[in-house]
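Note that these values count all heavy atoms, side chains included, but never hydrogens, waters or copies made by symmetry.
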Amino acid sequence: RKLCPYGCMGLLAKLYQKTGAPDKAEATYIEMVQGAPGEPAAYVGLAGLRNRAEKYQEEVTMLEQAVKARHFADLSDGQKANIYYSLAFARYNSEEYGEAGAAMERALALRDNLPEWLVLAGWIEMKQERPMIAERWFAKARLADERFAAAHAGMGDAKIATDRVHQAIGAYQRAADLDPTSTVYMLKLAYAHGLIGDRETATRLRNDAVRLDRDHIPEELLTKVTELLDRDKPAEQLEPAAPPTTENPDRP
């Protein structure tokens, strides 16, 4: 009946999303854009739909439209920061790391105390092969929340990248202790132990991770750990070569 104001339509679109009707949500957001193109909220809603569909480049486009919208300037600092953070993550997922870093700077300039945001800043730096800068972000995340496992795991990644493997083991161990259900942290810890030649611990951790959640284990990381262990296996323990195969498994 066209009696619903802009904010009410936004709520309706969110309800469509919650009830598994993305097409109706999309149509509602598009109607909002057509009726009020200067408002950023509908673009943010469309970006969320793109994110769920893993269409990250399209998500970037929608979030950029939100930032360019005339009434973006009227938002609170927290609302602006949230949009910049979403843009940074969308850029990260699109492998546009330089642009992701620029968006992350804008987000952190408005709100810098959230550990997950600081960890994303660290990941972006790791992708740009700047582990020492990444380490500073992970350290800030750890200070913000010492029990945030991802901050410790990120610290371990930065230390591995700078050949401080024993320190990395300590960081990965803390992450695994804080989240014992994570096969990622368990495999990272296994890899670090493998690097220092502790095959027994590395093998145990690798096998524990497989037993814990084989259906959802990160295959690339599992392969990396297994290849390290196989490479360092004593010659007399090496298994016979496998017969030729037409398969071409992904490599990390």
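Residues satisfying the salt bridge (charged side-chain N to carboxylate O under 4.0 Å, His left out) test with E99, not counting sequence neighbours, are none. Remark: R142 engages no residue in a salt bridge (charged side-chain N to carboxylate O under 4.0 Å, His left out) (not counting sequence neighbours). Applying the salt bridge (charged side-chain N to carboxylate O under 4.0 Å, His left out) test to R206 and every residue at least two apart in sequence or in another chain returns nothing.
Summarising the geometry, atom CD belonging to E96 is positioned 14.0 Å from atom NZ belonging to K127; distances are rounded to the nearest 0.5 Å. With rounding to the nearest 0.5 angstrom, the CG atom of L212 is 12.5 Å from the CG atom of N207. Here D213 contributes atom CG and D208 contributes atom CG; the two are 13.0 Å apart, rounded to the nearest 0.5 Å. The distance from atom CG of N113 to atom NZ of K140, rounded to the nearest 0.5 Å, is 9.5 Å. Remark: K14 NZ to T28 OG1 distance equals 13.0 Å, nearest 0.5 Å. Taking NE2 from H166 and NE2 from H193, the interatomic distance works out to 9.0 Å, rounded to the nearest 0.5 Å.
Among all heavy-atom pairs drawn from A88 and L120, the shortest one is CB-CD2, 4.3 Å. Taking all atoms of both residues into account, the shortest heavy-atom contact from M186 to A209 is SD-N, 3.3 Å. Counting all heavy atoms, side chain and backbone alike, D177 lies closest to P180 at O-CD, 3.7 Å. Shown here for A141 and V119, the closest heavy-atom pair between the two residues is CB-CG2, 3.7 Å. The minimum heavy-atom distance linking P218 with V184 is given by the pair CG-CG2, 3.8 Å. Closest heavy-atom contact between A202 and G194: CB-N, 3.7 Å.
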Exercise for the section: Any chance you could lay out the side-chain contact (heavy atoms from CB on, under 4.5 Å) test for N82 and R111, step after step, and finish with the verdict? Expected result: CA-CA 9 Å; N82 287 337; R111 189 178 185 186; 4.0 Å; yes
Practice task
Report the C-alpha distance between T201 and D198 in whole Å, list the side-chain angles of each, state the deciding distance to 0.1 Å, and finish with yes or no for side chain to side chain donor-acceptor pair (under 3.5 Å).
Solution key: CA-CA 6 Å; T201 301; D198 186 356; 2.8 Å; yes
Problem - Intermediate values then yes/no, side-chain contact (heavy atoms from CB on, under 4.5 Å), L205 and V225 - result: CA-CA 10 Å; L205 288 165; V225 173; over 6 Å; no
Exercise for the section: Could you please spell out the steps behind the salt bridge (Lys or Arg N to Asp or Glu O under 4.0 Å) verdict for R164 and E135? Expected result: CA-CA 12 Å; R164 291 172 290 165; E135 185 172 343; 2.4 Å; yes
Exercise for the section: Please test R50 against E26 for side-chain contact (heavy atoms from CB on, under 4.5 Å), starting from the C-alpha separation and ending with a verdict. Expected result: CA-CA 10 Å; R50 302 298 184 270; E26 173 106 5; 2.8 Å; yes
Practice task
Output, in order, the C-alpha distance, side-chain angles, deciding distance and verdict of side-chain contact (heavy atoms from CB on, under 4.5 Å) for N93 and V60.
Solution key: CA-CA 10 Å; N93 286 330; V60 166; over 6 Å; no
Under 3.5 Å donor-acceptor pairs involving side-chain atoms of residues 103-110, not counting sequence neighbours:
none

Side-chain donor-acceptor pairs under 3.5 Å in residues 146-155, sequence neighbours left out?
from, atom 1, to, atom 2, distance (Å)
E146, OE1, R174, NH2, 2.7
E146, OE2, R174, NE, 3.2
E146, OE2, R174, NH2, 3.4
H152, NE2, E146, O, 2.7

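Note on L46: it does not cluster hydrophobically with V44, by side-chain heavy-atom contacts below 4.5 Å among ILVMFWY residues. Linking ILVMFWY side-chain heavy atoms closer than 4.5 Å, directly or via other members, places I217 and L228 in a single hydrophobic cluster. Taken together through direct or relayed side-chain contacts under 4.5 Å among Ile, Leu, Val, Met, Phe, Trp and Tyr, L75 and Y29 form parts of separate hydrophobic clusters. V33 and V67 sit in two unconnected hydrophobic clusters of ILVMFWY residues. Membership requires side-chain heavy atoms under 4.5 Å apart, directly or through other members. By the criterion of side-chain heavy atoms lying less than 4.5 angstrom apart, applied directly or through intervening Ile, Leu, Val, Met, Phe, Trp or Tyr residues, W117 is not grouped with L63; the two fall into different hydrophobic clusters.
Electrostatic pairing of R91 and E59 does not count as a salt bridge here, judged by no charged N lying under 4.0 Å from a carboxylate O.
For residues 30-83, every residue pair satisfying the ring-ring contact (aromatic ring centres under 6.0 Å, His included) rule, not counting sequence neighbours, is listed here: F72-Y84.
Ring pair Y92/W123 is tilted by interplanar angle, where 30° to 60° counts as tilted.
Using a 4.5 Å heavy-atom cutoff, the side chains of L222 and T183 are not in contact. Side chains of R70 and E39 form no contact here, defined as non-hydrogen atoms less than 4.5 Å apart. No side-chain heavy atom of E125 sits less than 4.5 Å from a side-chain heavy atom of P131.
One side chain, D157 or Y172, offers a donor N or O that lies under 3.5 Å from an acceptor on the other. Side-chain polar atoms of S76 and Q79 form a donor-acceptor pair below 3.5 angstrom.
Side-chain N or O atoms of S182 include none that pairs as donor or acceptor with a backbone N or O of D179 at under 3.5 Å.
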